[in-house]
Asker: 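Sending over a structure as structure tokens; questions will come in a sec.
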Amino acid sequence: MSFPIVVLISGSGSNLQALIDQSLQGVLNVTISAVISNKADAYGLERAKEAGIPTHVLNHKSYGSREEFDTALQSTIDRYHPKLVVLAGFMRILTEDFTRHYEGRMLNIHPSLLPKFKGLNTHQRVIDAKETEHGVSVHFVSAELDAGAVVVQARTPVEPSDNAKTLAERVHKLEHIIYPLAVKWFSEERLTHQDKYAFLDGQKLPVNGLDYQEKT
Ligand SMILES: Nc1nc2c(c(=O)[nH]1)N[C@@H](CN(C=O)c1ccc(C(=O)N[C@@H](CCC(=O)O)C(=O)O)cc1)CN2
Ligand SMILES: NCC(=O)N[C@@H]1O[C@H](COP(=O)([O-])[O-])[C@@H](O)[C@H]1O
């Protein structure tokens, strides 16, 4: 088996699909061992089933606390002994114990140029703040929300005609490029994490990670 990963989702799963596609094309030498969602109606579950990937639904509302949910989630993930856990639109804040368990081997993709605009509804917040630039960040997951070591960022200008939908569409396209790239680096043991810093090929990455530039 190539490099086993488990992907956590809550929604459409377009980032999951990018990983599936690049894995099937042989670009990404990983095995997506399972896809786990906290939402039963997540379309990403259909994408996983279409690709023959085992799926699990753990509805966070079925658990008495965030800790109980995370304990069940960790138990489900660890059945697959993944070398990397990939949060791909997973919309639950994880407990400190959970993030510590996967420290240095759990990535998240966040739709903003961190450390700006942590949290939710970033596209609309960027527009409301009259930002001229927006983008996406891949980062290691830490207990503090959206504060883990940034691996790579990609940028797009905010146009005067933009709304949250048009901005999200451009950001999604960038996500589908840089997330598989970051997962590839990790699977090739080029991307590592130590003392809250990210390293690529042994070089400590800048605080905002690598600045991905689309080839023109
Ligand atoms: N401890 C951490 N948990 C998570 C991180 C992280 O960096 N550290 N990244 C997030 C992903 N994320 C943004 O990238 C994010 C996801 C969810 C939320 C949030 O406020 N969730 C609410 C529920 C919202 C909903 O159900 O729609 C909640 O959990 O109460 C903020 C940011 C994944 N987890
Ligand atoms: N705070 C986390 C967050 O907002 N993540 C965002 O959820 C979307 C999931 O899309 P997808 O389900 O199509 O991959 C992505 O845009 C990702 O950046």
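Ligands are counted one by one from 1 in listed order, and the atoms in each one are counted from 1 as well. Only this structure's heavy atoms are used, side chains among them; waters, hydrogens and symmetry mates stay out.
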Asker: Can you pull every nitrogen or oxygen pair between ligand 1 and the protein closer than 3.5 angstrom?
Answerer:
unit_1	atom_1	unit_2	atom_2	d
ligand 1	1 (N)	L94	O	2.9
ligand 1	1 (N)	S142	O	3.3
ligand 1	1 (N)	A143	O	3.1
ligand 1	3 (N)	L94	N	3.0
ligand 1	7 (O)	D146	N	2.9
ligand 1	8 (N)	S142	O	2.8
ligand 1	14 (O)	N108	ND2	2.9
ligand 1	14 (O)	H110	ND1	2.9
ligand 1	14 (O)	D146	OD1	3.1
ligand 1	21 (N)	M91	O	3.3
ligand 1	29 (O)	R66	NH1	3.0
ligand 1	29 (O)	I93	N	2.9
ligand 1	30 (O)	R66	NH2	2.9
ligand 1	34 (N)	R92	O	2.7

Asker: Would you confirm whether T122, through its side chain, and F117, through its main-chain N or O, come within 3.5 Å as a donor-acceptor pair?
Answerer: no

Asker: When you compare ligand 2 with S14, is there at least one nitrogen or oxygen pair between them that comes in under 3.5 angstrom?
Answerer: yes

Asker: Answer with yes or no whether Q17 contacts ligand 2, where contact means a heavy atom under 4.0 Å from a ligand atom.
Answerer: no

Asker: For atom 18 (O) of ligand 2, what's the nearest protein heavy atom and its distance?
Answerer: E175 OE2, 2.5 Å

Asker: Where is the nearest protein heavy atom to atom 10 (O) of ligand 2: which residue, which atom, and how far?
Answerer: H172 NE2, 3.4 Å

Asker: List the closest protein heavy-atom neighbour of atom 1 (N) of ligand 2: residue, atom name, distance to the nearest 0.1 Å.
Answerer: H110 ND1, 3.7 Å

Asker: Among all protein heavy atoms in this structure, tell me which lies nearest to atom 2 (C) of ligand 2, with the distance rounded to 0.1 Å.
Answerer: M91 SD, 3.7 Å

Asker: Does the side chain of S142 pick up a donor-acceptor pair with the side chain of T99 at under 3.5 Å?
Answerer: no

Asker: Should K165 and E169 count as an ion pair when the cut-off is N to O under 4.0 Å?
Answerer: yes

Asker: Might you work through the side-chain hydrogen bond (donor to acceptor under 3.5 Å, both in side chains) test for H139 and H110, ending with a clear yes or no?
Answerer: CA-CA 8 Å; H139 65 95; H110 178 77; 5.5 Å; no

Asker: Does F140 reach the side chain of F186, with side-chain heavy atoms less than 4.5 Å apart?
Answerer: yes

Asker: Contact between ligand 2 and I9 is defined here as a heavy atom of the residue under 4.0 Å from a ligand atom; is it met?
Answerer: no

Asker: Is there a donor-acceptor pair under 3.5 Å between the side chain of S112 and the backbone N or O of K118?
Answerer: no

Asker: What protein heavy atom lies closest to atom 3 (C) of ligand 2? Include the residue and the distance to one decimal.
Answerer: P111 CD, 3.6 Å

Asker: Going by atom types only, do D128 and Q124 share a side-chain donor-acceptor pair under 3.5 Å?
Answerer: yes

Asker: Could you tell me which atoms of ligand 2, counted from 1 in the order shown, lie closer than 4.0 angstrom to a heavy atom of G89?
Answerer: 7 (O), 9 (C)

Asker: Start with the C-alpha gap between Q17 and D21, add the side-chain angles, then the distance that decides, and say whether side-chain hydrogen bond (donor to acceptor under 3.5 Å, both in side chains) holds.
Answerer: CA-CA 6 Å; Q17 191 65 58; D21 293 346; 2.8 Å; yes

Asker: Identify whether the distance between the nearest side-chain nitrogen and carboxylate oxygen of E46 and K49 falls below 4.0 Å.
Answerer: yes

Asker: Any non-hydrogen side-chain atom of M91 less than 4.5 Å from a side-chain atom of L120?
Answerer: yes

Asker: Please round to the nearest 0.5 Å and tell me the distance separating atom OG of S187 and atom CG of N29.
Answerer: 6.5 Å

Asker: Polar-atom distance check: G13 versus ligand 2, any N or O pair below 3.5 Å?
Answerer: yes

